[in-house]
Protein chains: 2
Amino acid sequence: MILKAIVRDYTSSGVPVGSKALAAQLPMHVSSATVRNEMAALEELGLINKTHSSSGRIPSVKGYRYYVDHLVQPDPVKANDIDIIKSSLDGQFLKIDEIIETSAQILSNLTSYTAFTLKPELQDSKLSGFRLVPLGKRQVMAVLVTDNGDAETQTFNLAPGVTGEQLEAVVRLINDQLVGKSLREVLQELQTKIPQEVTKYLQSPEGFLKIFGDVLTQAAQERYYVGGRLNLLNFSDSSDVDELKSLYTLMDRTDDMADVLGRPSDHIQVKIGSEMTNAILRDYSLITATYEVGDHGKGVIALLGPTRMPYSRMIGLVGTFRQELAKRLTDYYRYFDQ
Amino acid sequence: MILKAIVRDYTSSGVPVGSKALAAQLPMHVSSATVRNEMAALEELGLINKTHSSSGRIPSVKGYRYYVDHLVQPDPVKANDIDIIKSSLDGQFLKIDEIIETSAQILSNLTSYTAFTLKPELQDSKLSGFRLVPLGKRQVMAVLVTDNGDAETQTFNLAPGVTGEQLEAVVRLINDQLVGKSLREVLQELQTKIPQEVTKYLQSPEGFLKIFGDVLTQAAQERYYVGGRLNLLNFSDSSDVDELKSLYTLMDRTDDMADVLGRPSDHIQVKIGSEMTNAILRDYSLITATYEVGDHGKGVIALLGPTRMPYSRMIGLVGTFRQELAKRLTDYYRYFDQ
DNA sequence: CTTAGCACTTGGGTTAGATGAGTGCTAAAA
DNA sequence: TTTTAGCACTCATCTAACCCAAGTGCTAAG
């Protein structure tokens, strides 16, 4: 009970909490001396810490962990917040990406933290088509389509000397040999077999291979959306410019970020401070959650905030949001799948 | 001579400069008292200021202005920097946008400030084609091409009940009636005539109009690249979180930013602090420059830094860069135009 | 097991004083 | 008429001394 009170108090006030104030808050009547004794025991267990020898206590990472695992009960979400969520998700969206992107926006607005969203995805997306669309006399657009509906494009100018027939042959080659394979496989073959094959039709295939590679790696990357980037300036110690910089850099490094977010197994997962492998995040906490959309796979939403965030409220919010988003996307697919 | 010395000193040290230190620096022998007299005169003219009644002097906006207009001589660019510029621009680029984007990168790296680049453009780009490319059973990609080679795409899902023929008819309508008109005109007609015309072929044209509108406004927007966003954290007063936020927000607001950058008439233009109309930038300076690429129009590069930037070095750098970039792009077009 | 009492610790805030870099002004020197 | 030395004065910055409030641990009594 005392640990719970300490976490609640500290997360909302940000000030180390002392025995007297705590005693006054507890539901039963106990003196501050009693609380002090208990606090000493909690410190012994490594659940709370002092900032200096005569200060009040703050939860340790281990303390937050215990709190999150055993004590926290999600706050019911405010009716007003539910309204915001529902109405924001309510618009007419013509592609999933818009929904996922605004989701990150909503979540960050509601929390004043930074939110991440990943669209629902099956294990390994497969190549389902590649084509070149002529736009002008020399301008061409490469389009790569995957089986979960993503399309990646890239415009470029044709190098002199390349003819339409040659390109058509190459595109046919790609489609014949690679459609249905996973992007991972295709990427591998791009290193091995493909270059030789292409040389049969193009004498200098570098240009084509670069474009195809570009568009392929783009499609293969876990694409995620970030909402409330700037909120980082609120909740992080903005005097340490270097730390801010490395955080922002991290957020742009797609692969590292995919690592951080993971594909959580559990519905809602909380990672606290140094529990995260990435050292840059040692002063932050991350709440990740999956949302499931029938046979269209799972997506991820995540919330990055300070270690001392009001977990009960945030967990409640993320919980409701994942449900609403799942509902919304199921509707979306029902509408377009038919 | 004294104003020049004050600007040089202050921009490099950041500390208000006093009479004694200044006297020591001047080429001829004068006492600090003489310098004090001259400084009083300069202050009278509004060219320099004190931070408090007994402090050294710092240049005022008016002082920087005079310095930039009459006193500054561009530093010759370090051989090393020239190497970096040349080698970075040297790679094999398949589209202009890549060159323009890396330009912003290079410029920000060399200066530790934030750089902006706009691609070369003719006055008003015109619509040169619109098409819908089918990707899957219901998935379609809208492609809009302009006469200066930009292609804007947008994938979306077809609303149920819409047939291929209907869409073909609409696309034909768009191409017949609108190709050759400027994007501005087309945007206007989208508000007026187009909806009625489209209704002839589609009973609920909202979806199509949204997509067409999206892709059109995207294409019509001045698209610029930003390099070294994070450098802002170095040179701005990073304790004022709100200011930082509004600066970053400004950088993402395309229309406001287009306003800030303008299309400078002169080769190199310096705007200092409050000279900029936008109040958010009152503590910064902006160096803008055009680069000309034959009959492909003019582009813009710009550098945002603190008011107390070493103008001589920066002006030199921007000057060389615009030349190199113009050269590089001329080459690029020569290669692909033929 | 709980509580009152007490000595002790510590960060933060306030005050006073010292320091030094700078100024403006006056009067003498060039 | 311009330059310079001299001097009184201003102000930001730094340090040291001090107090205060909030907190602790410990002991002994309830």
Side-chain angles (χ1 to χ4, degrees), chain A residues 1-60 62-63 237-240 283 306-308, chain B residues 1-60 62-63 237-240 283 306-308:
Chain A
M1 186 183 289
I2 289 179
L3 177 59
K4 191 170 170 181
I6 290 176
V7 171
R8 214 172 24 202
D9 222 63
Y10 180 65
T11 51
S12 76
S13 74
V15 177
V17 7
S19 54
K20 202 165 149 198
L22 195 44
Q25 254 180 67
L26 289 176
M28 78 278 271
H29 178 77
V30 280
S31 76
S32 65
T34 311
V35 174
R36 275 203 291 285
N37 288 334
E38 297 302 315
M39 275 164 54
L42 286 174
E43 187 166 11
E44 192 73 18
L45 292 170
L47 295 172
I48 57 179
N49 283 133
K50 285 188 279 197
T51 59
H52 61 87
S53 80
S54 74
S55 80
R57 305 307 213 291
I58 61 174
S60 68
K62 204 172 152 194
D237 171 21
S238 49
S239 64
D240 187 343
D283 292 331
T307 320
R308 53 156 284 241
Chain B
M1 186 183 291
I2 289 181
L3 177 59
K4 191 171 171 182
I6 290 178
V7 172
R8 214 172 23 200
D9 222 63
Y10 180 64
T11 51
S12 76
S13 74
V15 177
V17 6
S19 56
K20 201 166 150 200
L22 194 47
Q25 256 181 64
L26 288 175
M28 77 278 274
H29 177 77
V30 279
S31 76
S32 63
T34 310
V35 174
R36 275 203 290 286
N37 288 334
E38 297 302 316
M39 275 165 48
L42 286 174
E43 186 165 12
E44 192 74 18
L45 293 171
L47 296 172
I48 56 180
N49 283 132
K50 285 187 279 195
T51 58
H52 60 86
S53 80
S54 74
S55 79
R57 305 307 214 292
I58 61 176
S60 67
K62 203 172 155 196
D237 170 23
S238 49
S239 64
D240 188 344
D283 291 332
T307 321
R308 51 155 287 237

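Chain identifiers are assigned alphabetically (A, B, ...) following the order of the sequence lines, protein sequences preceding nucleic acid strands; residue numbering begins at 1 within each chain. In this text the structure is predicted, and so the values were computed from the model without any measurement.
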When rounded to whole Å, the CG to P distance for the pair Asn49(B) and dC11(D) reads 16 Å
Report the distance from atom CE of Met28(A) to atom CE of Met1(A), rounding to the nearest 0.5 Å. 4.5 Å
Residues passing the side chain to side chain contact (heavy atoms under 4.5 Å, CB included) test with Ser54(B), sequence neighbours excluded, are His52(B)
Qualifying residues under salt bridge (charged side-chain N to carboxylate O under 4.0 Å, His left out), relative to Glu38(B), sequence neighbours excluded: none
Answer whether the closest heavy-atom distance between the side chains of Ser32(A) and Arg36(A) falls below 4.5 Å. yes
So do Arg57(A) and Leu42(A) actually touch side chain to side chain, heavy atoms under 4.5 Å? no
Listed partners of Thr307(B) passing side chain to side chain donor-acceptor pair (under 3.5 Å), at least two apart: none
For Ser31(A), give me all partners under side chain to side chain donor-acceptor pair (under 3.5 Å), at least two apart in sequence or on another chain. Thr34(A)
Any residue of residues 22-31 of chain B with a heavy atom less than 4.0 Å from an atom of DNA chain D: Val30(B), Ser31(B)
Which letters describe nucleotides 11-25 of chain C, given B = protein heavy atom under 4.0 Å from base, S = only from sugar-phosphate, - = neither? S----------BBB-
Under 3.5 Å: donor-acceptor pair, side chain of Thr11(A), backbone of Arg308(A): no
